[in-house]
K.L.:
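Before anything else, here's the structure in question.
Counting starts at 1 for both ligands and their atoms, following the listed order.
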Amino acid sequence: MAATDETQGSDQARLIVVSNRLPVTLAKNEAEWSFKLSSGGLVSALSGLKREMSFTWVGWPGKDFGADDRRSIDGLLRENSCSAVYLDDETAELYYNGFANSILWPLFHYHPGEMIFEEAAWDAYQRANRAFADALLDVVKDGDLVWIQDYHLMLLPRMLRRLLDARGLRSVKIGWFLHTPFPSSELYRILPVRREILEGVLAADLLGFHTYDYARHFLSSCTRILGLATTPNAVESEGRVVHVGTFPIGIDTEQFTEALRTDVVLQRLGEFERKFEGTKVIVGVDRLDYIKGVPQKLLAFEHFLATHPKYVGKVVLVQVAVPSRGDVEEYRQLISSVNELVGRINGRFGTVEYTPIHFLHKSVTFPELVSLYAVADVCLITSTRDGMNLVSYEYVASQQQRHGVLVLSEFAGAAHSLNGAIMINSWNIEEVSDALNQALSMPADQREANFNTLYRYVTKYTAAYWGMSFIGELQRVSREADELAQLPQLKPSLAASRLAESRQRLFLLDYDGTLSATRTIPEFARPSPKALSTLRRLSELPGALVYVVSGRTREHMAQWFDGVDVGLVAEHGVFYRHPRSARALMPHSPRVGDGADSNDGSRQLDSDGWYCLVERPDPQWRETVLPLFRHYTERTPGSFIEEKEVDITWHYRNTDPEFGLWQANELKINLERVLSHLPLTIVNGNKTVEVRPARVDKACAFRAILSDFASAAADFDFIMSIGDGRGDENVFTYLNAEFSALPGLITSTVGRKSTQARYYLPNVDSVMALLAKLIEPAL
Ligand SMILES: O=P(O)(O)OC[C@H]1O[C@H](O[C@H]2O[C@H](CO)[C@@H](O)[C@H](O)[C@H]2O)[C@H](O)[C@@H](O)[C@@H]1O
Ligand SMILES: O=c1ccn([C@@H]2O[C@H](COP(=O)(O)OP(=O)(O)O)[C@@H](O)[C@H]2O)c(=O)[nH]1
């Protein structure tokens with residue numbers, strides 16, 4: 001493993017990889033501890049990465065050690081860029097076998113029947129994850145990248161984040177990668193601690209999965225179980241954006257190419273070729289785990305021999321079954337049923353000269369494995385679920401000469417990548433048997449074409465590629481998060497001091513999500529008595545003009561703010577009305593029917609003082625839009641249409657969250673198609689789809705408002721704009737450009753997010769607290 005010394009102590013971000021097991025085997029000879037790097041999927045996957053980037057590996061060393069031994073082991077590990085997390089043997093057993101392998105593993109592989117939930121195991125899982133977090137505190141420095149691996153450590157991102165925050169280490173970036181499938185939310189929700197586990201990983205900055213299906217299931221669980229807003233590549237959790245990505249793992253193909261040139265492999269391959277001369281070889285390599293579908297494979301092979309007698313005596317299955325998790329009951333049962341099947345099939349089809357199944361219940365050496373891969377005409381993978389399945393990749397990497405056929409279960413993650421394999425439903429014994437027949441009789445040119453497609457993929461998307469792309473993405477999202485972290489929170493004291501220094505004051509306040517918290521039904525979101533009295537007192541400050549700026553109808557707004565001297569902007573800028581106190585500042589009093597020029601073309605003034613920035617609503621587009629809106633409303637329970645004077649809004653907040661979002665996207669696509677020739681804009685709002693005139697937005701309304709003040713607008717020495725939505729971003733952009741030099745300009749979004757505003761306020765309560773500060777008597 002590459003040493004990290006060159007980066008220790010420097011300002012460069014260091015990488016720390018955390019996994020359940022350290023990739024080492026420790027042995028004591030006399031009084032001396034020695035160290036051997038062990039092999040395994042993760043070790044080889046990360047071996048490519050380590051050529052590009054040095055890292056420290058943190059994990060459990062495999063058993064507990066006494067204090068004296070720990071001291072020497074720690075030294076030895078440090079020299080090899082590793083660091084141990086010690087767990088007492090009972091915790092380790094319960095956490096690893098009891099929770100990770102007996103609860104999460106079966107559930108994530110669609111075997112809920114094998115899941116045994118025990119509180120003691122859950123307690124141990126928490127204890128072990130906490131021990132990892134504590135140990136990491138001694139290793140991690142600010143600015144480091146911490147990459148946590150797999151289902152054993154799903155609570156760790158949150159536990160670690162809390163400890164780091166408490167120490168003020170706020171720029172450590174955390175990634176987490178799941179090597180297994182993530183099941184459908186329908187399965188996942190069975191887990192008694194489903195919330196804790198999701199919340200645990202959501203403290204990371206980037207979450208990685210092998211396939212988009214796994215990511216999709218994860219996002220769906222976040223929506224359904226935690227009620228969080230998601231996009232196809234992110235989850236919003238506690239004001240943070242947690243990025244979600246697909247990073248299919250690969251192998252180090254070079255290792256296989258090099259091994260195939262070694263004498264030991266060439267010799268062994270020759271022996272196999274002589275032994276199996278005139279016989280077709282099917283190879284299977286699996287850990288003996290119930291997810292690998294070994295019984296299904298044996299039954300399919302039996303069916304194949306029974307239905308294709310010409311192959312009896314002419315084809316063998318060499319099945320390597322690597323012993324695994326023998327301490328767990330389900331695995332012990334599997335061994336006996338597999339042994340029974342092998343015996344039955346060999347008894348049924350075998351002769352003195354012919355053994356149909358060569359069953360190796362052991363692990364084999366790497367040269368032996370490569371030789372077996374290379375001699376096989378077919379590789380048969382029948383997993384009933386499998387995160388990725390690297391055996392399929394390894395077989396392809398070893399088949400440059402023979403161009404053998406890969407028969408691959410569609411339930412392995414690899415099926416999403418390995419175009420060129422024969423895909424099978426491993427539960428369908430008939431189909432697997434047919435696939436074997438097809439594979440064994442496939443013409444050489446077709447085998448070669450399939451192999452070339454597979455080989456190109458396997459050699460391009462290697463383990464190194466996987467590691468580098470995850471780390472690259474973690475660095476990218478971290479930069480984005482750093483930018484966001486630099487967005488300052490608007491402090492009431494700062495706003496108050498700027499206000500105190502000013503004389504002509506303008507407040508532009510969005511309504512929904514800014515002055516009023518989100519409600520399920522729009523009518524319920526009326527201004528609270530507190531909000532009304534705050535606005536009244538704000539409007540009474542010397543030299544102050546207050547505008548409430550909303551997507552709501554002017555009727556609603558006029559009714560809600562009756563008796564408060566605030567200006568109103570309705571339907572996202574289509575209508576606006578000045579406060580009474582503004583009239584004194586206007587160069588001339590506008591008259592009804594006034595069509596005075598503004599930057600936005602003509603505008604009309606009615607007898608209630610409202611300006612309208614668009615032509616009257618065009619009935620034709622409404623006639624096109626409304627039937628579509630109705631179509632989707634009828635088919636989306638809980639959705640409804642809000643018809644305004646000009647805009648039309650489709651609300652889906654109260655629908656099934658995923659179906660609602662799906663329907664909203666469909667509706668938007670359909671609207672874009674039918675409205676493409678019209679000057680309209682279709683906007684995804686806060687659980688809404690809105691259609692409104694393209695020419696007008698909230699920024700246009702401000703421009704019009706300011707032009708009404710003509711040169712008096714130049715006298716505003718304090719402008720504060722607060723809003724939470726996308727429509728408010730236009731306002732911030734406009735104000736930042738127009739009043740860039742004004743010290744009294746304050747723009748603030750609500751909720752921390754990527755924004756054009758100069759500040760953020762966390763939520764509606766903090767907006768109200770800020771405004772309350774501004775109306776304190778001294779100001
Ligand atoms: O510009 P705004 O004041 O932020 O108005 C935008 C939309 O707000 C309303 O919908 C939103 O608030 C509702 C009440 O809390 C909520 O039920 C809905 O899901 C939100 O999208 C309003 O109904 C829309 O017409 C406005 O366009
Ligand atoms: O005797 C053996 C046979 C195979 N393997 C390796 O075990 C890994 C199995 O990975 P896979 O993704 O197929 O399944 P997993 O065991 O991780 O579920 C592959 O890299 C094999 O080369 C091994 O270590 N010892």
Side-chain angles (χ1 to χ4, degrees), residues 38-45 105 109 150 179-180 210 249-252 255-256 283-289 291-292 319-325 360-366 368-370 372-373 379 381 383 385-395 397-398 412-414 463 509-527 548-553 556-557 568-574 639-644 647-655 660 683-692 697-698 722-728 731 750 764:
S38 48
S39 60
L42 192 58
V43 182
S44 61
W105 179 270
H109 290 89
D150 232 357
H179 291 264
T180 69
H210 283 311
I249 204 169
I251 60 165
D252 185 359
Q255 228 190 332
F256 289 82
V283 71
V285 177
D286 303 275
R287 253 183 330 100
L288 198 44
D289 191 311
I291 67 156
K292 300 288 180 182
Q319 176 64 49
V320 178
V322 181
S324 179
R325 304 178 193 171
L360 286 77
H361 186 202
K362 57 166 81 145
S363 69
V364 293
T365 63
F366 186 63
E368 184 82 354
L369 181 71
V370 177
L372 269 178
Y373 281 144
C379 177
I381 291 161
S383 309
R385 292 282 160 184
D386 214 338
M388 177 54 85
N389 190 287
L390 295 180
V391 164
S392 53
Y393 281 63
E394 293 173 1
Y395 176 67
S398 313
L509 305 172
D510 168 57
Y511 183 67
D512 286 286
T514 299
L515 294 175
S516 164
T518 305
R519 297 290 161 85
T520 47
I521 308 288
E523 279 73 21
F524 292 171
R526 17 179 72 250
V548 180
V549 187
S550 178
R552 296 299 186 116
T553 60
H556 263 121
M557 298 191 73
L568 301 173
V569 176
E571 299 204 26
H572 299 283
V574 171
S639 68
F640 58 92
I641 303 168
E642 183 187 6
E643 265 196 76
K644 309 186 212 176
D647 299 353
I648 311 178
T649 304
W650 186 70
H651 287 260
Y652 63 94
R653 178 172 300 281
N654 309 322
T655 65
V683 184
N684 280 113
N686 182 4
K687 304 273 181 193
T688 59
V689 176
E690 300 202 53
V691 178
R692 50 189 207 233
D697 59 22
K698 288 181 176 179
I722 310 178
D724 72 311
R726 281 187 211 151
D728 303 303
V731 179
V750 184
V764 172

K.L.:
Taking all heavy atoms of A517 and all of A525, pick out the closest pair and write down the distance.
P.N.:
O-CB, 4.3 Å
K.L.:
Show which atoms of ligand 1 fall inside a sub-4.0 Å distance from at least one heavy-atom site of E690.
P.N.:
27 (O)
K.L.:
Hey, looking at atom 25 (N) of ligand 2, which of S363, A414, A412, S392 has the closest heavy atom?
P.N.:
S363
K.L.:
To the nearest 0.5 Å, what is the distance between CH2 on W650 and OG1 on T655?
P.N.:
6.0 Å
K.L.:
When you compare ligand 2 with V320, is there at least one nitrogen or oxygen pair between them that comes in under 3.5 angstrom?
P.N.:
no
K.L.:
So, K644 and E690, do they make that salt bridge, N to O below 4.0 Å?
P.N.:
yes
K.L.:
Y373 and V283: which non-hydrogen atoms are nearest, and at how many Å?
P.N.:
CD2-CG1, 4.4 Å
K.L.:
Tell me: protein heavy atom nearest atom 2 (P) of ligand 1, and distance?
P.N.:
D510 OD1, 3.1 Å
K.L.:
Counting from 1, what ligand 2 atoms have a heavy atom of V391 closer than 4.0 Å?
P.N.:
13 (O)
K.L.:
Considering only the protein, which heavy-atom contact is closest to atom 10 (O) of ligand 1, and what is its distance?
P.N.:
H651 CE1, 3.7 Å
K.L.:
Which of the numbered atoms in ligand 2 are under 4.0 angstrom from any heavy atom belonging to N389?
P.N.:
12 (O), 13 (O)
K.L.:
Hey, does the side chain of H109 reach the backbone of W105 with a donor-acceptor pair shorter than 3.5 angstrom?
P.N.:
yes
K.L.:
For atom 9 (C) of ligand 1, find the nearest protein heavy atom and state the residue, atom name and distance (0.1 Å precision).
P.N.:
D512 OD2, 3.3 Å
K.L.:
Yes or no on side-chain contact (heavy atoms from CB on, under 4.5 Å) for D150 and T180, after CA distance, side-chain angles and deciding distance?
P.N.:
CA-CA 7 Å; D150 232 357; T180 69; 4.2 Å; yes
K.L.:
Going through the checks in order, is the side-chain contact (heavy atoms from CB on, under 4.5 Å) test met by L509 and V549?
P.N.:
CA-CA 6 Å; L509 305 172; V549 187; 5.9 Å; no
K.L.:
Under a 4.0 angstrom heavy-atom cut-off, which atoms of ligand 1 come close to T520?
P.N.:
17 (O)
K.L.:
Going by heavy atoms, is K644 under 4.0 Å from ligand 1?
P.N.:
yes
K.L.:
Going by the order shown, which atoms of ligand 2 are within less than 4.0 Å of some heavy atom of V285?
P.N.:
3 (C), 4 (C)
K.L.:
Please check whether T518 reaches ligand 1 - meaning an N/O of the residue sits under 3.5 Å from an N/O of the ligand, judged on distance alone.
P.N.:
no
K.L.:
The criterion is side chain to side chain donor-acceptor pair (under 3.5 Å); which residues satisfy it with D386, sequence neighbours excluded?
P.N.:
K292, S383, N389
K.L.:
Report yes or no: does a heavy atom of K292 sit under 4.0 Å from some atom of ligand 2?
P.N.:
yes
K.L.:
Would you check whether R287 reaches within less than 4.0 Å of ligand 2, judged by its heavy atoms?
P.N.:
yes
K.L.:
For atom 19 (O) of ligand 1, grab the closest protein heavy atom and report residue, atom and distance to one decimal in Å.
P.N.:
R653 NE, 2.7 Å
K.L.:
Geometry only, no angles: is K687 polar-contacting ligand 1 at N/O separations under 3.5 Å?
P.N.:
no
K.L.:
What protein heavy atom sits nearest atom 6 (C) of ligand 1, and how far away is it?
P.N.:
H572 CE1, 4.0 Å
K.L.:
Taking all non-hydrogen atoms of both residues into account, name the closest pair between Q319 and V285 and its distance.
P.N.:
NE2-N, 4.0 Å
K.L.:
Counting each atom of ligand 1 from 1 as listed, which ones have a heavy atom of A525 under 4.0 Å away?
P.N.:
14 (C), 15 (O)
K.L.:
To the nearest 0.5 Å, how far apart are NE2 in H179 and NE2 in H210?
P.N.:
6.0 Å
K.L.:
Would one find an N or O of G551, backbone or side chain, under 3.5 Å from an N or O of ligand 1?
P.N.:
yes
K.L.:
Taking the minimum heavy-atom distance to atom 1 (O) of ligand 1, which of R726, K698, E642, R552 ranks first?
P.N.:
K698
K.L.:
Any idea which atoms of ligand 2 are less than 4.0 Å away from a heavy-atom of V322?
P.N.:
1 (O), 2 (C), 3 (C)
K.L.:
Between R653 and N686, which heavy-atom pair has the shortest distance, and what is it?
P.N.:
NH2-OD1, 2.8 Å
K.L.:
Taking atom 21 (O) of ligand 1 as the point of reference, which of I521, V689, T514, N686 owns the nearest heavy atom?
P.N.:
N686
K.L.:
Counting non-hydrogen protein atoms only, what is the nearest one to atom 16 (C) of ligand 1? Give residue, atom name and distance.
P.N.:
R519 O, 3.2 Å
K.L.:
Please report the closest heavy-atom contact between V320 and K362, naming both atoms and the distance.
P.N.:
CG1-O, 3.6 Å
K.L.:
Hey, is the main chain of S324 close enough, under 3.5 Å, to the side chain of R287 for a donor-acceptor pair?
P.N.:
no
K.L.:
Does I251 approach ligand 2 within less than 4.0 angstrom via side chain, backbone, both or neither, non-hydrogen atoms only?
P.N.:
neither
K.L.:
Taking only heavy atoms of S550, which atoms of ligand 1 are found under 4.0 Å from at least one of them?
P.N.:
1 (O), 2 (P), 3 (O), 5 (O)
K.L.:
Can you confirm whether E571 sits close enough to T553 that some side-chain heavy atom of one is under 4.5 Å from a side-chain heavy atom of the other?
P.N.:
yes
K.L.:
Tell me whether T688 has any N or O atom under 3.5 angstrom from an N or O of ligand 1.
P.N.:
no
K.L.:
Can you name the atoms of ligand 2, numbered from 1 with element, that are less than 4.0 Å from a heavy atom of E394?
P.N.:
19 (C), 20 (O), 21 (C), 22 (O)
K.L.:
Can you list the ligand 1 atoms lying under 4.0 Å from a non-hydrogen atom of Y511?
P.N.:
3 (O)
K.L.:
Give the minimum heavy-atom separation between D512 and D510, together with the two atoms involved.
P.N.:
O-OD2, 2.9 Å
K.L.:
How many angstroms lie between atom CD1 of I291 and atom CG of D286, to the nearest 0.5 angstrom?
P.N.:
9.0 Å
